[in-house]
Amino acid sequence: SAQVKIGSVLSVTGPASFLGEPEKETLKIYVDKINAKGGIDGQKLQLIIYDDGGNANAARTFATRLVEQDKVVAMVGGATTGTSMAEIPVFQDAQIPFISLGGSIRIIQPVKKWVFKTPHTDRMACEKIFADLKKRKLTKVALISGTDAFGKSMRDQCIAVAPKAGITIVHVENYGPHDSDMTPQLTKIKATPGVQAVINTGFGQGPAIVTRDYRQLGIPYPLYQSHGVASKQFIKLAGPAANGVRLPAAALLVADQLPDSDPQKPVVVAYKKTFEAKTGKPVSTFGGHAYDALMIFAAAAKRAGSFDKAKVRDQIEKTKGFIGTGGTFNMSPTNHLGLDLSAFRMLEIKDGEWTLVH
Amino acid sequence: MSMLAPLERFRLLQRRRLAAAGASKSILLDRFRLLRRRRLISLVPIVAIVIILPLLFSSAYYYRVAALVFLFGIAALGLNLLMGFAGQVSLGHAGFMGIGAYAVAIGPTAFGIPPVLSFILGALLSALVAFVVGRPILRLKEHYLAVATLGFGILLAIVFTNEANWTGGPDGMAVPQLILFNWPLRGAAVWYWILAVSFLVGAVIALNLINSPTGRALRAIHDSEVAARVLGIDVAQKKLMIFVISAVYTSIAGSYLALLDGYITPQISGFLRSIELVAMVVLGGMGSVAGSLVGAAVLVILPQALTLFDEYEHVVLGLIVMGVMIFLRAGIVPSLAAAFGGGRS
Amino acid sequence: MLSVDNLKSGYGRIEALHGVSIEVAAGEIVTLVGANGAGKTTLLRAISGVQTISAGRISFEGRSIESIPAHARVALGIAQVPEGRQLFAPLSVEDNLKLGAWNRRRGHSGNDIHRVYELFPMLRELRRTAAGALSGGQQQLLAIGRALMARPRLLLLDEPSMGLAPILVDQILNVVLDLKHNGLTVLLVEQNARAALAIADRGYVLETGAITASGRAAEIQRDKRVREAYLGV
Amino acid sequence: MAEFLQFVFSGITVGAIYALVAIGFTLIYNASDVVNFAQGEFVMLGAMGTVFLGHAGVPLLLAGVVAVLITTVVGLALYRWAIVPAREADAVTLIIITIGASIFLRGVAEVVFDKGFHSLPALLGSNPIRLGGATILPQSLVVLAGAFFIMVLLWAFIDRTLFGKAVRAIAANRVAARLVGINTRIVVGASFALSAAIGAIAGILITPITLTSYNGGTLLALKGFAAIMLGGIGSAVGAVVGGILLGLLEAFAAGYVSASYKDAVGFLVILAVLFVMPRGLFGKATVERV
Amino acid sequence: MSALSAERLSVAFGGVRAVDGVSFDVAAGIVFSIIGPNGAGKTTLFNLISGLCRSHDGGVWLCGEDVTALAPEDLARRGLSRTFQNLQIFSHLTVIENVMVGRHRHEATGILADLLHLPAVARQNRGTRKAAAEALGRVGLGDAAERSASGLAYGHLKRLEIARALASEPKVLLLDEPAAGCNPVETREIEAIIRGIVADGVTVVLVEHDMRLVMNVSDRIHVLANGRTLAEGTAVEIRTNAAVIEAYLGVRGAREAAGAVG
Ligand SMILES: Nc1ncnc2c1ncn2[C@@H]1O[C@H](COP(=O)(O)OP(=O)(O)OP(=O)(O)O)[C@@H](O)[C@H]1O
Ligand SMILES: Nc1ncnc2c1ncn2[C@@H]1O[C@H](COP(=O)(O)OP(=O)(O)OP(=O)(O)O)[C@@H](O)[C@H]1O
Ligand SMILES: [Mg+2]
Ligand SMILES: [Mg+2]
């Protein structure tokens, strides 16, 4: 039967491989599922995935290859902000829809005609954390962030939105993504007067070490992590130290705890089951972003009734009320993400499990 | 064994030896004359390839990959001048790529300097940086030089990562297009020609240098600094000079990369990129101009070809790198040249 | 004791030995005479096993050794004083000597070291100095001492008197004679051909990779052509 | 004061890690003049091997021993199949071969293991030791003790045994080594095996602190490399002192200057030291007569 | 005017006083030999003169100019050249390229001109090659010009070093054991080469253990032992000097020295 090619350039290896790996697995599983059900409008999908190793230049070459050689009709994925940004011109020029899985708001702001994304922005994560802090009547926070792209970008966003949220950032520290001891930075935070809570923006192994060092130093304030640690791995690595850590994350992580009335419940439970059954690994929200992107594309293509790139793009932009693992998407010409703060849930780790904060 | 050989036999041998010596002498002389007249002969096949390749290209993707080969060929050539000819290791050359790249990115956006001028200023800045750091660093030898250059490269990468106000930080920044005489340079095919020609120009200059007194002095330094010094060669100055020249090559490649991609991240000056440049030089052949291009081709094309192996990509890449170095230990071009016809490259 | 038969060897495409055959009987001193570039060093290296050969046989005490690696040939009893000394430059003089006795590392080398020091008192004074810091002649003495430490049965000497003061040249040649009287077999390459022939039993003339003459040392010394070409009289 | 002490503890923690990784380079370098770029992968293999054998149900102690053995065999294999066939090649070529090996081993780990991060339990538990208002984890002291223990063994081996001298002799002059009867293959092979084993042990000891992943070796090796250059290449004592110094430098830089530039501070100090002592703190100058 | 003079040169390594207050004066256009037991300090003396090593005391004058603190490359530019006891060959270069490097101080090296390969560079290259070929011819290596230097036999490498030093057209040439590894016939050839060099007006300072050569070519001989001057004089004076015979020549040396036809 006729095949329609969709492409993906992911950071399956390299420093961001913990993003790329579940994204790759998710895309493979669900493209197979779509095809097993007869494809979209009777057309089967063919998925082409390239690994950029986290390198922007390689990402751009692979993007060119997808467009020029493979003749894909759409691209789902571009794992990090840096690689996505390098790929954008290729798809803008070729006029092919591109749904990125990168975190930063820069990908979709300013709005680019052909570019969308599904992960929550780091700014939303900051806002969510700040909202929770306000609820707890804590207003003075210290920030500690990784110097990698994710950590740094979110740090900047937090600093930017803090005044509006009524939060004062009293101290800022950072650490290298591969550092193995963060006690000097945390010691300085500990010594800073007035701190009421600490937020760590970062992904990879850094946050686990921060969490452990935090407990080692016996710092008494609440510790917030970002959505960048939203995988079971974090809890395992940080061990008992993770207890009491809060973070904003998608509903996916607490699928089973959602009330039955929650419209997201069936979606996230189904994804979690499928992913864990196929891979034997616990779900992370990162794979969920890929799921959302693929499904938004599939729905748009169905609505468009063809794989005409312009039509598909228009339909993606018209996505309304789409329930994904990350939340409910309502896109528009000015909003190529379409998630609002309600997409995030505030979680707390208790006894090694995610729990919903009510 | 016979007792004393008869005088006749000795004479005969003597004569044969002389005849052989004479013959080989004239052959050598002929070959030398050929070589001298064709200083640039090794470029002929490259020019041919540059012209023929586009006939085989079916899409802009091929142009892009080929453009990248020439681009990294320029960078590797610069490093090769330093490593292959002067024998000085650098594990930090990606730092100069970074300077070149950020120059064309920051120049126009932050200072309103036209891209072409930024490009030139980037090369000059790299030269200046190389001149300043080269003086102390080049006093070190071998592994110590390696770690010093490594540190230099990492320092630059740290600056590019941390000075987010200028560089966009780890997420990188967009690079304005290069506009030449109201004609925006875009599209892989255009870049293919620009980079191929640039590489050839770079190669001609490199060959000129190698065949000049300066080039000989550099190669001499590689083998014995002491002997070079007592022959009147200012070793420190010559090393510094080649360090600066090689920095300029690499910086230009970095500027090109930024312009070609339209977007850069600090990875461009990272440690892994430096290692990749060294690997290009050694794989292709230390001290071989054509080798720089071949080494670049191998490391640019392999990741494209190896997507075939999916998750085994790195296993295969590692095996190929090891295999090439084991079986062609002088590097691809010199080893093959020695195997076929004993020519030098 | 040593027999080399039709040996061919070279460097890359260039053949340096075009089928060389020599014999060294037990207890003999045999000297190899030849001009610069004749292939003397190449031959000695081949016998020691650090030079690949393309054809021919080498047998030592009746046993063919072409396929035996270099280090094992030392264990069989072949030691060499190589051209250019080839010392372990960063190691001390004493360590160089100790390593000379590597093939007997389970035995004690202490006595042997003392014997070397007695032979060359200069080395005793320098025993803690890095070999690389020694003067040329001192290095040459060390190279000879190191080879003796192996207690070889066949000693290959490649220009042992190179760089030595005249007073020491005599001493070295006397040492070689002494060794012979203790049953050691010696293959000697020596630029000082006259002196070498004076202590040798037999000799070979090697010219551009081929043996062109051989015979008793005294005969060779008398041969007019050899005298003209190598002895300079 | 407590703050200062905490920086010191942090420096010791990180420094001990660098030291333990750095010391693995020593033997291969001494035997072959080659800085083994796959050394970080040995560290990773020891750690990941233990983790995954543990997952498979092997008791952790046994898992550790087996992982070290496997890594040792990998070290030997690297020597036998990649270094021996290229034996006449110069150092740069050999270094590129080790880079190839490092890519290869990472690729294998990526397939055999996974791409996630993993940890191992700390040997003496994870209750911090409190001292003068600062804290340090017992595992940091375990790593430090491990580094010192291996340092003493290595120093005794290289400087005090004939075998150790043979190792250095080979690097100094391979032909001469063969001419005195040293079986260079066995000695250099043993060096590779031992270096690999040291790497693997380092991996197991540091993982409770650093965590591990299939590509975690590269950056550790980079720091280890910097540490040995600071200490003076080839010297076991230099590796450990260099490592600890680098760790302390980074901790103080992070504490008193800026964490963003702590790596920069580390390298600047290394550069400064090299300008004064071009062969590092403990590197011996070799004399070459002309 | 003397071509080279050394005054109270001294240097110590660790405890060893390798050279200890050595002074001498070399008249222009002669062969001045320095002999002495192994480890006497001859090579170290050369290193002091050629700037590879700093003297603790005294100084060096080259053709009347004080060159004490100069770097080797500056000395080379003033006309001092040398060969090495432990060969320092440019082994990745061909034989003739080795010698061409010797011409360095006579070549104009504008980096821009070199990069662009201006006609002047090409012309100069041809000149350099011709001069190098000539120097090779003088030491009898003309046939080996295009061979890789790493492939020469030891004795030939020694000659290559002489050719390389000659190519720099020195005023003073230091030769460190040029005849090492040469048989008597080859030593004669070296002798002829040295005579040729002197005939061109170059001053030669020779370190050598071959007494025939030394006695044959030397105008003056300076004897070192344990870093100090033991004697200085003409060949006849030296070979009959009891102290020299005792410390250095021995029976053989004395015989060889006497056998030399001066
Ligand atoms: N490494 C090498 N590569 C290429 N050719 C070589 C090499 N070593 C020696 N040769 C060549 O092999 C031939 C024999 O050289 P060898 O060193 O054996 O001569 P030799 O008799 O020892 O001379 P000498 O008296 O100068 O030491 C010579 O023609 C030399 O040029
Ligand atoms: N860099 C150094 N470090 C230690 N000792 C040194 C150094 N250089 C020279 N020496 C010592 O200084 C003394 C003089 O050495 P030098 O090489 O000058 O002797 P030489 O007269 O040239 O001897 P030869 O005739 O053997 O070449 C020797 O004892 C040597 O060991
Ligand atoms: Mg020889
Ligand atoms: Mg000397």
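It should be emphasised that the depicted structure is a prediction, and the values quoted were computed from it without experimental measurement. Each chain gets a letter, A, B and so on, in the order the sequences are listed, and its residues count up from 1.
Counting heavy-atom neighbours within 6.0 Å of K5(A) NZ, excluding the residue itself, gives a total above 12. Environment of CZ in F57(B): crowded, with over 12 heavy atoms of neighbouring residues, nucleotides or ligands closer than 6.0 Å.
In this structure, the portion of P303(B) lying under 4.5 Å from any heavy atom of chain A is its backbone and not its side chain. Residue L272(B): no heavy atom, backbone or side chain, is found under 4.5 Å from chain A. Only the side chain of V65(B) has a heavy atom closer than 4.5 Å to any heavy atom of chain A. Looking at S104(A), the atoms closer than 4.5 Å to chain B (heavy atoms on both sides) all sit in the side chain, from C-beta outward. With a 4.5 Å cut-off on non-hydrogen atoms, D310(B) touches chain A through its side chain but not through its backbone. With a threshold of 4.5 angstrom between heavy atoms, L68(B) approaches chain A through side-chain atoms but not through N, CA, C or O. Heavy atoms of T161(B) lying under 4.5 Å from chain A belong to its backbone as well as its side chain. Heavy atoms of D148(A) lying under 4.5 Å from chain B belong exclusively to its backbone.
Of the inter-residue distances, the one linking T64(A) atom OG1 with Q304(B) atom CD reads 9.0 Å to the nearest 0.5 angstrom. The distance from atom CG of N174(A) to atom CG of N162(B), rounded to the nearest 0.5 Å, is 6.5 Å. Note that CZ of R60(A) and CG of L257(B) are 10.0 Å apart. Values are rounded to the nearest 0.5 Å. Here N57(A) contributes atom CG and Y263(B) contributes atom OH; the two are 13.5 Å apart, rounded to the nearest 0.5 Å. A distance of 10.5 Å separates CG in D171(B) from CZ in F150(A), rounded to the nearest 0.5 Å.
Annotation: maximal heavy-atom pairing with chain B below 4.5 Å, among T147(A), V90(A), D156(A), occurs at T147(A). Contact count versus chain A (heavy atoms, under 4.5 Å) is highest, among D261(B), T265(B), L260(B), I268(B), for D261(B). Of the listed residues N55(A), V12(A), T83(A), T61(A), the one with more heavy-atom pairs under 4.5 angstrom with chain B than any other is T61(A). Between chain B and the residues P89(A), G176(A), G82(A), the most heavy-atom pairs under 4.5 angstrom are made by G82(A).
For residues 65-75 of chain A, the interface with chain B (any heavy-atom pair closer than 4.5 Å) comprises R65(A), E68(A), Q69(A), sorted by residue number.
Residues forming a side chain to side chain donor-acceptor pair (under 3.5 Å) with T13(A) (at least two apart in sequence, or on another chain): D51(A).
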